[in-house]
**Q** 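Pasting a structure below so you can have a look.
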Protein chains: 2
Amino acid sequence: MPTKSEKKSLPALSERPNLATAEDVPRFPPCADCALRKSGRFTPITVTELAFVQDFRHANRVAPPGTVLIRETSSEGKLYTLYAGWAFRYKTLSDGRRQILNFLLPGDFIGLQQHFNDGAAYGVEALTSVSLCAFQQNGLMDLFKALPALGFDVTWLAASQKNVLDENLLTAGRRNATERVATLLLQLFQRAERVGLVVDGAIEFPLNQQHVADALGLSLVHTNKTMRRLLGLGLYRIEGGRLELLDRKALSRIADHDDGALRPVPLI
Amino acid sequence: MPTKSEKKSLPALSERPNLATAEDVPRFPPCADCALRKSGRFTPITVTELAFVQDFRHANRVAPPGTVLIRETSSEGKLYTLYAGWAFRYKTLSDGRRQILNFLLPGDFIGLQQHFNDGAAYGVEALTSVSLCAFQQNGLMDLFKALPALGFDVTWLAASQKNVLDENLLTAGRRNATERVATLLLQLFQRAERVGLVVDGAIEFPLNQQHVADALGLSLVHTNKTMRRLLGLGLYRIEGGRLELLDRKALSRIADHDDGALRPVPLI
DNA sequence: CGATGGTTTGACGCTACTCAACATAAGTGG
DNA sequence: CCACTTATGTTGAGTAGCGTCAAACCATCG
């Protein structure tokens with residue numbers, strides 16, 4: 001039977017004084033000055049739409065690592081865009097076994113499912129310090145009505161999160177431990193790359209091995225041994241909380257996972 | 001390493017002359033007479049919206065069991081609503097290992113992700129004879145513009161499919177074989193129940209054990225042994241291609257899965 | 001009938017899990 | 001500054017759940 005995971009995680013990792021990414025939490029400029037959007041790594045948006053989004057944004061929120069942003073039991077339909085930092089969605093069984101469903105990176109839209117709640121629930125927890133743009137809970141329909149293109153973008157984001165879930169399900173269901181680790185490293189790197197988080201060929205990597213295990217459906221011990229093996233093969237390096245891929249071709253081959261640049265997605 | 005699955009599946013199961021469901025393929029009435037919608041098991045819709053949907057519907061399609069409705073490699077953005085019958089979405093690794101991502105029941109909206117293609121691909125295959133409403137490929141944005149409420153519904157459907165994926169990922173990642181089978185049986189029954197497919201306390205069950213294995217990330221042999229065990233415990237019965245749950249409480253307990261009625265979702 | 005697809009069962013082996021212990025780094029309070 | 005604690009990573013030993021291989025059984029079909 002799979003591992004039970006710890007109930008709490010501590011800030012330790014994310015407080016290392018390294019190349020800062022989530023450490024210096026960005027404040028919240030008006031949407032027109034949004035650093036994320038200005039990176040040019042998202043699909044374009046009109047000024048009208050931008051103004052609407054600004055108006056739709058209801059509040060901002062900053063939270064330290066380990067914060068539960070959405071409780072697994074709650075059914076409040078909070079809506080966020082992750083502006084900076086890392087988080088993850090998860091579900092747990094009643095005996096504590098935890099499955100991480102997917103990791104959330106800047107630009108990801110959070111909480112859409114709760115909004116249409118089915119009773120089904122998931123939790124969201126911050127991995128690093130995070131900054132969130134919080135939207136009006138009941139305004140989603142208004143957004144669709146006022147600016148259909150934005151509604152379209154919301155759907156687009158939902159669809160691309162579904163793609164990630166598809167991949168993760170394939171991984172958990174049909175890949176062995178080595179393939180799983182390779183897939184995860186590659187996938188996270190690709191996703192970070194898309195939103196411009198690569199600095200000096202490396203990305204921040206705030207996961208501990210328990211997170212990796214819970215994301216891949218493996219036990220902590222086996223995850224460790226598998227990661228150690230890939231490390232020994234010189235395929236990647238994690239130092240100072242940052243991940244560098246030393247042989248993407250090999251990882252891509254092991255994972256049987258395409259290593260191409262991901263297309264831009266919208267930013268709400 | 002997980003099982004390789006068969007490349008092809010044949011109609012065998014679905015052609016049994018039993019209580020007909022997908023056998024007598026429904027023809028396509030105008031949307032106003034849609035049998036599915038008239039079942040009252042979907043969220044309400046206005047006449048204006050209904051007219052638009054009718055217009056948005058571009059063609060109909062009927063396909064026999066085993067038909068590949070969407071090829072895993074294609075990136076054409078076909079859009080369908082499954083009107084009658086069962087299908088499933090899947091991904092395969094290059095050596096043939098297959099993961100079924102989720103099963104599709106009447107009312108499910110198909111093809112949304114391809115529409116926003118990321119390079120990521122999945123296939124869709126008919127389990128039974130299926131009837132599909134095919135929509136205009138490039139008209140999705142028009143739909144959002146013309147009737148935002150319909151766009152909202154599309155998003156809603158995407159979100160509820162995401163919920164199913166979340167559950168399936170939890171299952172594949174953290175449940176053992178017995179729990180997985182129990183979860184699948186219960187989940188399919190609940191979903192079938194929601195759209196009114198229960199007749200005499202049983203639903204059509206067109207999956208063979210290879211499908212179950214591929215959905216749960218198990219090998220065929222182990223799936224068989226596990227199903228046999230649950231059968232021996234008198235928890236369910238499959239006869240003549242129909243599934244009956246004999247002890248939902250027990251299944252729900254084993255699966256650690258809530259056994260409540262699912263809420264209605266929209267129908268496009 | 002033989003052919004085919006699906007189900008079932010037994011034997012065996014390996015991957016991944018469990019248990020347990022130890023190492024390391026960082027933080028805390030005295 | 002040190003003893004103590006906590007989080008995380010590492011390694012070894014033993015085991016079991018699940019995969020693989022192989023063969024048989026059964027039903028349907030041409």
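None of these values were measured; they are calculated from a predicted model. Letters A, B, ... are given to chains in the order of the sequence lines, protein chains preceding strands, and every chain is numbered from 1.
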**Q** In whole angstrom, what separates I238(A)'s CD1 from dT8(D)'s C1'?
**A**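 Whole-Å distance recorded here is 13 Å.
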
**Q** Whole angstrom is fine here: how far is it from CZ in R175(A) over to P in dA16(C)?
**A**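 Atom CZ in R175(A) sits about 14 Å away from atom P in dA16(C).
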
**Q** From CZ of R228(B) over to P of dT7(C), roughly how many Å is that when rounded to an integer?
**A**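 Answer to the nearest Å: 11 Å.
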
**Q** Taking only the side-chain heavy atoms of V221(A) (C-beta and beyond), determine which of dC18(D), dA16(C), dG12(D) contains the nearest atom.
**A** dG12(D)

**Q** Hey, does H211(A) have a side-chain heavy atom less than 4.5 Å from the side chain of I100(A)?
**A**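 They are in side-chain contact.
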
**Q** Starting at CG of L230(A) and ending at P of dG9(D), how long is that distance when rounded to a whole Å?
**A**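 Atom CG in L230(A) sits about 16 Å away from atom P in dG9(D).
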
**Q** Does dT10(D) have its OP1 or OP2 closer than 4.0 Å to a side-chain nitrogen or oxygen of Q209(A)?
**A**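 For Q209(A), the contact criterion (side-chain N or O under 4.0 Å from OP1 or OP2 of dT10(D)) is met.
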
**Q** Given atom CG of N176(A) and atom C1' of dC17(C), what is their separation to the nearest angstrom?
**A**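 It is 16 Å, rounded to the nearest whole Å.
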
**Q** Rounded to whole angstrom units, what separation is found between the CZ atom of R97(A) and the C1' atom of dA16(C)?
**A**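 So the two atoms are 15 Å apart, to the nearest Å.
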
**Q** Any side-chain heavy-atom pair from L104(A) and Q161(A) closer than 4.5 angstrom?
**A** yes

**Q** Round to the nearest Å and state the distance from L220(B) atom CG to dT9(C) atom P.
**A** 13 Å

**Q** Would you say dT10(D) has OP1 or OP2 under 4.0 Å from some side-chain N or O of N224(A)?
**A** yes

**Q** So does R97(B) pair up with E179(A), basic N to acidic O under 4.0 Å?
**A**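 So R97(B) pairs with E179(A) through a salt bridge.
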
**Q** Any Lys/Arg nitrogen of D108(B) or R89(B) sitting under 4.0 Å from an Asp/Glu carboxylate oxygen of the other?
**A** no

**Q** Which of the following nucleotides, dG19(D), dA16(C), dC18(D), is nearest to the side chain of H222(A)?
**A**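 That would be dA16(C).
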
**Q** In whole Å, I'd like the distance from the CG atom of N208(B) to the C1' atom of dC26(D).
**A** 15 Å

**Q** Whether the side chain of K225(A) and the base of dG12(D) hold a donor-acceptor pair under 3.5 Å is what I'd like checked.
**A** yes

